[in-house]
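Just so we're clear, the structure is a prediction, and the values are computed from it rather than from any experiment.
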Amino acid sequence: MTAALTTPQPALDAPPAPPGDSRKRRRSYDEPPRWQIYVPLGVYLLFTLVPFYWMLLFALREPGSDSLVPWPITGEHFAKVWNERGFDTYFVNSMYVGIASMLMTLLVALSGGYALARFRFRLKMPFMLALLCSQFIPGALMLVPLFEIFRELQLLNSLWSVILAETVFQLPLSMILISGFIRNVPPSLEEQAWVDGCTRLRAFLAVVLPLLRPGLVAVGSFAFVHSWNHFLFALMFLNSQDRQTIPVGLNTLLGSDSVDLGALAAGGVVAAVPVVIVFAFIQRWLITGFSAGAVKG
């Protein structure tokens with residue numbers, strides 16, 4: 001009876017486990033070697049930065065030079081595209097189109113995304129499926145209908161034709177993304193505001209909208225970049241040179257017999273700098289927004 005109740009004692013000859021052995025073993029399973037991280041990142045960074053360096057090289061070095069280092073640095077190509085090729089006007093037009101398209105996309109996508117996230121109605125799922133399927137339609141297929149509509153509305157050769165077309169094509173995806181961000185906001189927060197006497201609109205503006213800031217930055221940044229870089233709508237709907245945008249202006253630098261590589265590279269730098277600045281300032285908000293949209297509330 002006494003032998004059955006006694007607890008077995010550990011063997012005295014068994015060596016104790018080192019204190020850091022389990023932690024080292026766990027780390028070896030969880031973390032890959034550092035070279036498996038840095039080597040792919042270095043290769044990706046090389047393939048990403050080399051084209052940008054090549055563009056800066058042609059834009060900053062003197063005409064006729066074949067040096068791989070832009071020295072001495074010259075601003076002749078930038079002065080040529082900005083003053084002689086009309087890139088000052090193209091830049092203003094592109095900025096106007098990008099900002100207006102972004103604001104209109106956010107405004108309409110907010111209202112539509114709130115309806116999808118907070119209300120139940122018939123044909124809701126088919127409607128969201130139609131929004132997703134609309135992303136498979138290329139913009140080139142809609143050029144003729146849009147051209148006819150804008151001609152009837154007398155909007156051809158107006159920046160508003162490009163703004164409206166960009167807004168329409170960016171709305172489906174933007175609405176779906178914003179509806180996902182709104183679903184992550186608990187409805188109880190709005191209900192408490194209703195109890196305090198707020199209307200639905202006031203509760204949305206005071207409670208929900210501040211919490212959507214990272215998501216709005218993410219959606220708005222991509223709407224701006226898409227409008228800034230889009231070439232087809234501006235080429236088809238704008239006729240006069242003083243209404244063109246930067247992508248169409250870059251196309252004018254390509255001659256039929258020769259190409260001014262320095263001017264083309266300088267125009268590419270002018271087109272890329274605003275996008276780089278935008279993403280540099282909103283990087284924190286962008287990562288937070290996509291993380292919030294990826295987590296189900």
Side-chain angles (χ1 to χ4, degrees), residues 51-52 55-56 58-60 75-110 139 143 146-147 150 153-171 173-174 177-178 213-254 260 262-286 289:
F52 283 99
M55 182 173 63
L56 285 173
F58 278 94
L60 295 177
E76 178 181 348
H77 301 300
F78 291 97
K80 181 178 181 180
V81 298
W82 192 263
N83 299 323
E84 300 179 11
R85 296 302 184 96
F87 265 68
D88 53 345
T89 304
Y90 301 154
F91 186 88
V92 174
N93 293 338
S94 294
M95 191 66 67
Y96 182 78
V97 170
I99 294 176
S101 301
M102 177 188 66
L103 294 178
M104 291 183 63
T105 300
L106 289 177
L107 182 62
V108 181
L110 263 177
L143 283 178
L146 287 175
F147 188 89
F150 292 147
L153 296 176
Q154 298 182 356
L155 288 177
L156 289 180
N157 200 29
S158 172
L159 293 178
W160 278 104
S161 61
V162 182
I163 293 171
L164 292 175
E166 292 288 347
T167 303
V168 168
F169 274 87
Q170 295 172 33
L171 265 180
L173 182 60
S174 300
L177 291 176
I178 290 182
R213 190 178 304 170
L216 295 180
V217 170
V219 175
S221 62
F222 277 97
F224 174 82
V225 171
H226 186 273
S227 302
W228 179 273
N229 293 327
H230 206 180
F231 169 77
L232 195 58
F233 290 155
L235 179 66
M236 296 300 298
F237 301 147
L238 304 176
N239 301 325
S240 58
Q241 186 176 0
D242 60 341
R243 300 295 178 90
Q244 299 291 354
T245 57
I246 282 185
V248 182
L250 288 174
N251 186 59
T252 60
L253 298 177
L254 299 174
D260 190 347
L264 186 62
V269 173
V270 173
V273 164
V275 178
V276 173
I277 293 176
V278 167
F279 277 98
F281 277 101
I282 68 172
Q283 180 182 7
R284 178 173 62 90
W285 296 99
L286 192 65

Under 3.5 Å: donor-acceptor pair, side chain of [X], backbone of [Y]:
| X | Y | value |
| --- | --- | --- |
| Trp228 | Ile246 | no |
| Asn93 | Gln244 | yes |
| Ser94 | Phe91 | no |

Geometric class of the Tyr96/Trp160 ring pair [parallel <30°, tilted 30-60°, perpendicular >60°]
perpendicular
Can you check whether Ser161 reaches Leu146 side chain to side chain, under 4.5 Å on heavy atoms?
no
Any side-chain heavy atom of Lys80 within less than 4.5 Å of one from Phe87?
no
Nearest atoms (heavy-atom pairs only) where [X] meets [Y]:
| X | Y | answer |
| --- | --- | --- |
| Ser240 | Asp242 | OG-OD1, 2.7 Å |
| Arg243 | Ser158 | NH1-CA, 3.8 Å |
| Val81 | Ala263 | CG1-O, 3.2 Å |
| Leu110 | Ile178 | CD2-CG2, 4.0 Å |
| His77 | Ala59 | CD2-O, 3.3 Å |
| Glu166 | Ser101 | CB-OG, 3.7 Å |

In Å and rounded to the nearest 0.5 Å, what is the [atom1] to [atom2] distance from [X] to [Y]?
| X | Y | atom1 | atom2 | result |
| --- | --- | --- | --- | --- |
| Phe147 | Leu155 | CZ | CG | 12.0 Å |
| Thr245 | Phe233 | OG1 | CZ | 12.0 Å |
| Phe237 | Asn157 | CZ | CG | 12.0 Å |
| Thr105 | Phe169 | OG1 | CZ | 12.5 Å |
| Leu177 | Leu173 | CG | CG | 4.5 Å |
| Met104 | Leu171 | CE | CG | 8.5 Å |

Not counting sequence neighbours, list each pair that qualifies as a salt bridge (Lys or Arg N to Asp or Glu O under 4.0 Å) and has a residue in residues 81-92.
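Not a single pair qualifies under salt bridge (Lys or Arg N to Asp or Glu O under 4.0 Å).
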Verify the distance criterion only: is there a donor paired with an acceptor across the side chains of Gln241 and Thr89 at less than 3.5 Å?
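Checked: Gln241/Thr89 side chains show no N/O donor-acceptor pair below 3.5 Å.
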Step-by-step side chain to side chain contact (heavy atoms under 4.5 Å, CB included) determination, Val248 to Leu238
CA-CA 10 Å; Val248 182; Leu238 304 176; over 6 Å; no
Got more than 12 heavy atoms from elsewhere within 6.0 Å of CZ, Phe52?
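At most 12 heavy atoms, drawn from other residues, nucleotides or ligands, come within 6.0 Å of this atom.
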Test of ring centre spacing under 6.0 Å for Trp82 and Tyr90:
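Between Trp82 and Tyr90, the centre distance exceeds or equals 6.0 Å.
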